[in-house]
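Working notes, structure below.
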Amino acid sequence: MQLRYLCPVTLACIFSLLFLNIKAQSSPAITSGHISGSFESYSQLYLRDKKINAILPQDRLASNNFLKLDYTHKKIAIGVQYESYLPAIAGFPFVLNQSKIVNKYFKYTDTNFEIQIGDFYDQFGSGLIFRSWENRQIGINNALEGVKLAVTPLPFLHLKGVYGRQRKVFDYANSVVRGVDAAIDFSKINKNFSGNTFVTLGLSYVGRYQQYTGPDPDFPATVNAYGTRLEIVGQKGSFSAEYVYKDKDPNVVNNFNKTAGSALLINTAITENNLGLNISLRSLKNFDFRGERDAIGTFVPVNFIPALTRQHDYLTSNIYVYNPQAAGEVGGQVDLFYQIKGNRKQPSRIAVNFAQYRALGIDNKLLSISNNRYFSDFNIEWKKKWSNQWNTTLAYHNVFYNKSVIEGGIYENTNANIFIMNNLFKYAKNKSFRFELQALFSEQDNGSWAAAVTEFGFAPAWNFYLSDLYNYGVLDTHYPNVGGSYTKNGTRFSLGYGRQRAGLICIGGVCRFVPAATGFSVTLTKTFNN
């Protein structure tokens with residue numbers, strides 16, 4: 001039987017048996033170490049649905065599977081990751097029907113010293129200049145295959161260097177990435193610093209080399225980026241600023257423009273009694289930094305640019321989400337939290353958030369602001385605990401969405417008002433019931449939406465849900481979903497059926513487009529430790 005016809009549960013059983021067999025036959029030196037890992041499987045069975053224009057893939061059954069094994073013994077750690085796409089779930093940034101060991105590493109850690117060979121994840125600062133990371137839900141994994149070295153030669157100085165090639169699905173990008181990062185902790189240099197104040201200065205360099213064989217003698221085969229950052233953390237507040245400059249980087253996204261790029265990120269936070277304030281500001285100019293200058297479709301980013309907007313949990317508030325514009329944008333967000341004084345056993349809290357992003361001004365300077373608005377979201381949320389059994393959340397959102405810029409194409413700008421009510425009742429020990437009502441009103445795009453969600457929880461094992469997202473503005477279409485999950489001893493199994501709305505799905509502010517689909521979904525996750 002071919003591997004692609006084995007169901008995810010069968011694969012999980014095979015991997016578990018192999019793991020137990022290896023563990024049983026291992027030598028005393030191996031068993032004295034620590035073995036840990038996880039298995040994850042995401043599968044979908046697609047059904048025909050002309051109502052939502054769902055396009056059936058050639059294979060109606062798709063499955064993404066991941067097995068990760070790690071072994072540590074004293075100062076040594078080794079690990080592998082096996083991935084199997086049978087084939088890949090529709091909407092992923094690649095079409096794949098293959099299985100392979102993709103990540104493998106060896107790491108040695110000693111006092112003030114660490115070296116890792118193989119595939120690894122890391123980042124410099126906030127990731128604005130460099131970040132290698134994995135998110136299986138949106139299909140990103142740009143792990144660096146090569147070598148990473150970290151040393152602390154002085155108590156206040158931490159140095160790190162990386163050198164390797166980026167993973168690109170089951171292959172590697174046609175380039176080499178190398179970088180060094182230094183972090184200086186002034187709190188460990190100057191004893192006059194307060195024990196509750198920490199000051200750190202960071203300096204970074206990242207270079208990407210990709211061979212160039214074209215006719216332009218002035219074309220840069222190597223693109224260099226330089227960054228500096230400062231972070232101050234106190235007892236009641238914090239401040240951080242990061243600036244990155246990138247040499248001219250002509251690529252397919254900027255139409256091979258030879259203008260240099262830059263980015264500025266500022267974060268500040270203040271907490272005082274019942275009040276909390278967070279402010280984030282960011283400006284980008286020609287800052288698409290990717291592993292291959294000519295990659296279209298499937299590409300790997302060198303850095304990390306999340307959407308600095310509030311990340312929402314509701315069906316209607318996730319219809320219009322922001323996708324950062326690396327070519328040029330300026331904006332940020334403000335978060336205000338206030339705990340209302342009153343009965344300590346029945347507190348309430350108000351959270352206000354405002355985010356807005358615009359195009360750079362006519363002079364295209366980093367901090368210039370134009371009248372061309374990309375996105376804005378003003379939202380206010382009130383949470384009230386009425387008793388130990390009953391909690392209520394009320395929320396309002398006012399959203400502006402420039403669909404032409406965010407999704408590409410020619411569309412009318414969208415203005416939407418969203419109202420949400422969420423109630424949670426704990427009607428018995430380990431038993432709960434949650435009920436949501438949502439409404440989105442708009443005269444543009446697909447018009448207005450309504451949503452309702454019910455959820456029953458029987459902690460710690462069972463959870464069931466039923467939801468419906470209904471568009472009555474233009475589409476006159478329901479998107480119902482029903483399902484449940486069972487969790488026990490590091491194992492979680494879920495089964496669901498319903499419709500999937502076409503649009504952006506965002507994890508941590510990084511987005512991918514998912515197509516409309518109808519069918520069954522099955523998820524199995526298992527974590528284990530010896």
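Numbering starts at 1 and runs along the sequence shown.
No donor-acceptor distance shorter than 3.5 angstrom exists from the side chain of Asn379 to the backbone of Ala395, with no hydrogens or angles considered. In this structure a side-chain-to-backbone donor-acceptor pair under 3.5 Å is missing from Asn255 to Asn257. Asn141 contributes a side-chain N or O that, together with a main-chain N or O of Ala143, makes up a donor-acceptor pair within less than 3.5 Å. Under the 3.5 Å distance criterion, the side-chain polar atoms of Gln325 are matched with a main-chain donor or acceptor of Asn323. Thr414 contributes no side-chain N or O that, together with a main-chain N or O of Asn402, makes up a donor-acceptor pair within less than 3.5 Å. Judged by distance alone, the side chain of Gln311 and the main-chain N or O of Thr309 form a donor-acceptor pair under 3.5 Å. Checked by atom type and distance alone, the side chain of Ser132 pairs as donor or acceptor with a backbone atom of Asp122 at under 3.5 Å. No donor-acceptor pair closer than 3.5 Å links the side chain of Asn53 to the backbone N or O of Ala516. Judged by distance alone, the side chain of Gln444 and the main-chain N or O of Asn415 form a donor-acceptor pair under 3.5 Å. Under a 3.5 Å cut-off, the side chain of Glu381 and the backbone N or O of Lys383 do not form any donor-acceptor pair.
With no hydrogens or angles considered, no side-chain donor-acceptor pair links Tyr42 and Gln44 at under 3.5 Å. A donor-acceptor contact under 3.5 angstrom links the side chains of Trp390 and Asn423, judged on distance only. No side-chain donor-acceptor contact under 3.5 Å links His312 and Asn318. For the residue pair Ser494 / Ser485, no side-chain donor-acceptor distance below 3.5 Å is found, with atom types taken as modelled. Side-chain contact check for Gln356 and Ser376: no donor-acceptor pair (N or O, by modelled atom type) lies under 3.5 Å. Under the 3.5 Å distance criterion, with hydrogens and angles disregarded, a donor-acceptor pair is assigned to the side chains of Trp386 and Thr392.
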Test side chain to side chain donor-acceptor pair (under 3.5 Å) on Glu242 and Ser126 and set out the steps. CA-CA 8 Å; Glu242 186 171 3; Ser126 68; 2.6 Å; yes
Tell me, with the steps shown, if Thr393 and Ile420 meet side-chain contact (heavy atoms from CB on, under 4.5 Å). CA-CA 8 Å; Thr393 299; Ile420 297 168; over 6 Å; no
In sequence, state the C-alpha distance, the side-chain angles, and the governing distance for Glu329 and Arg358, and then conclude on salt bridge (Lys or Arg N to Asp or Glu O under 4.0 Å). CA-CA 6 Å; Glu329 70 170 24; Arg358 294 176 178 263; over 6 Å; no
After noting the C-alpha distance and the side-chain angles of Tyr322 and Tyr357, does the key distance pass the ring-ring contact (aromatic ring centres under 6.0 Å, His included) rule? CA-CA 9 Å; Tyr322 185 59; Tyr357 288 89; 4.9 Å; yes
Residue pair Arg499, Asp49: steps toward the salt bridge (Lys or Arg N to Asp or Glu O under 4.0 Å) verdict: CA-CA 9 Å; Arg499 278 176 171 170; Asp49 191 343; 2.7 Å; yes
Check against side-chain contact (heavy atoms from CB on, under 4.5 Å), Ile340 and Ile350: CA-CA 7 Å; Ile340 300 176; Ile350 292 179; 3.9 Å; yes
Check the pair Asn481, Tyr465 against side chain to side chain donor-acceptor pair (under 3.5 Å), reporting the backbone distance first and the verdict last. CA-CA 8 Å; Asn481 279 274; Tyr465 66 89; 5.4 Å; no
Evaluate side chain to side chain donor-acceptor pair (under 3.5 Å) for Tyr121 paired with Asn142, printing each intermediate quantity in order. CA-CA 8 Å; Tyr121 305 101; Asn142 64 338; over 6 Å; no
Go through Leu437 and Phe435 one step at a time and tell me if the side-chain contact (heavy atoms from CB on, under 4.5 Å) criterion holds. CA-CA 7 Å; Leu437 288 177; Phe435 179 65; 3.6 Å; yes
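Checked against ring-ring contact (aromatic ring centres under 6.0 Å, His included), Tyr497 has the following partners two or more places apart in sequence or in another chain: Phe520. Every residue two or more places apart in sequence or in another chain that forms a ring-ring contact (aromatic ring centres under 6.0 Å, His included) with Phe433 is listed here: Phe456. Remark: Phe170 engages Tyr85 in a ring-ring contact (aromatic ring centres under 6.0 Å, His included) (not counting sequence neighbours).
Annotation: the span from Tyr470 atom OH to Leu440 atom CG amounts to 14.5 Å, rounded to 0.5 Å. The NZ atom of Lys385 sits 10.5 Å away from the CG atom of Leu424 when rounded to the nearest 0.5 Å. Atoms OG and CD1, from Ser240 and Ile266 in turn, are 8.5 Å apart once rounded to the nearest 0.5 Å. We find the OG1-CG distance between Thr316 and Asn471 to be 12.5 Å, quoted to the nearest 0.5 Å. If you take CG on Asn65 and CG on Leu524, they are separated by 9.0 Å, rounding to the nearest 0.5 Å.
Remark: Lys100 is not positioned above the aromatic ring of Tyr82, lacking an NZ or CZ atom under 6.0 angstrom from the ring centre and at most 45 degrees off the axis. Remark: Arg290 qualifies as a cation-pi partner of Phe299 under the 6.0 Å distance and 45° angle criteria applied to the six-membered ring.
In plain terms, the two heavy atoms of Gln438 and Val453 that are nearest each other are NE2-CG2, 4.2 Å. Summarising the geometry of Ala451 relative to Leu315, their closest heavy-atom pair is CB-CD1, 4.1 Å, with the distance given to 0.1 Å. In terms of heavy-atom proximity, Arg282 sits nearest to Ala307 at NH2-CA, 4.3 Å. The minimum heavy-atom distance linking Ile89 with Ser63 is given by the pair CG1-N, 4.4 Å. Contact between Leu308 and Ser280 at its shortest, heavy atoms only, is CD1-CB, 4.3 Å. Summarising the geometry of Lys526 relative to Asn489, their closest heavy-atom pair is NZ-O, 3.2 Å, with the distance given to 0.1 Å.
Within the 4.5 Å cutoff, no side-chain heavy atoms of Asn274 are placed close to those of Phe337. Side-chain contact between Tyr314 and Ile319: absent, with no pair of heavy atoms (C-beta onward) separated by less than 4.5 Å. Contact annotation: the side chain of Arg501 approaches that of Leu469 to within less than 4.5 Å [non-hydrogen atoms, C-beta and beyond]. The shortest distance between side-chain heavy atoms of Phe304 and Trp133 falls below 4.5 Å.
No more than 12 heavy atoms of other residues, nucleotides or ligands sit less than 6.0 Å from atom CD of Glu443.
Classification of the Tyr401-Phe375 ring pair by plane angle, with boundaries at 30° and 60°, yields perpendicular.
Aromatic pair Tyr472/Trp449: centroids not less than 6.0 angstrom apart.
The pair Glu40-Arg136 counts as a salt bridge, with a side-chain nitrogen and a carboxylate oxygen less than 4.0 angstrom apart. Between Asp249 and Lys246 there is a salt bridge, since a side-chain N of the basic residue sits under 4.0 Å from a carboxylate O of the acidic one. Note on Glu83 versus Arg167: salt bridge recorded, some NZ/NE/NH1/NH2 to OD/OE distance being below 4.0 Å. Remark: Lys403 engages Asp445 in a salt bridge, criterion side-chain N to carboxylate O under 4.0 Å.
Partner of Tyr486 under the ring-ring contact (aromatic ring centres under 6.0 Å, His included) criterion, chosen from Trp462, Phe493, Phe458: Trp462.
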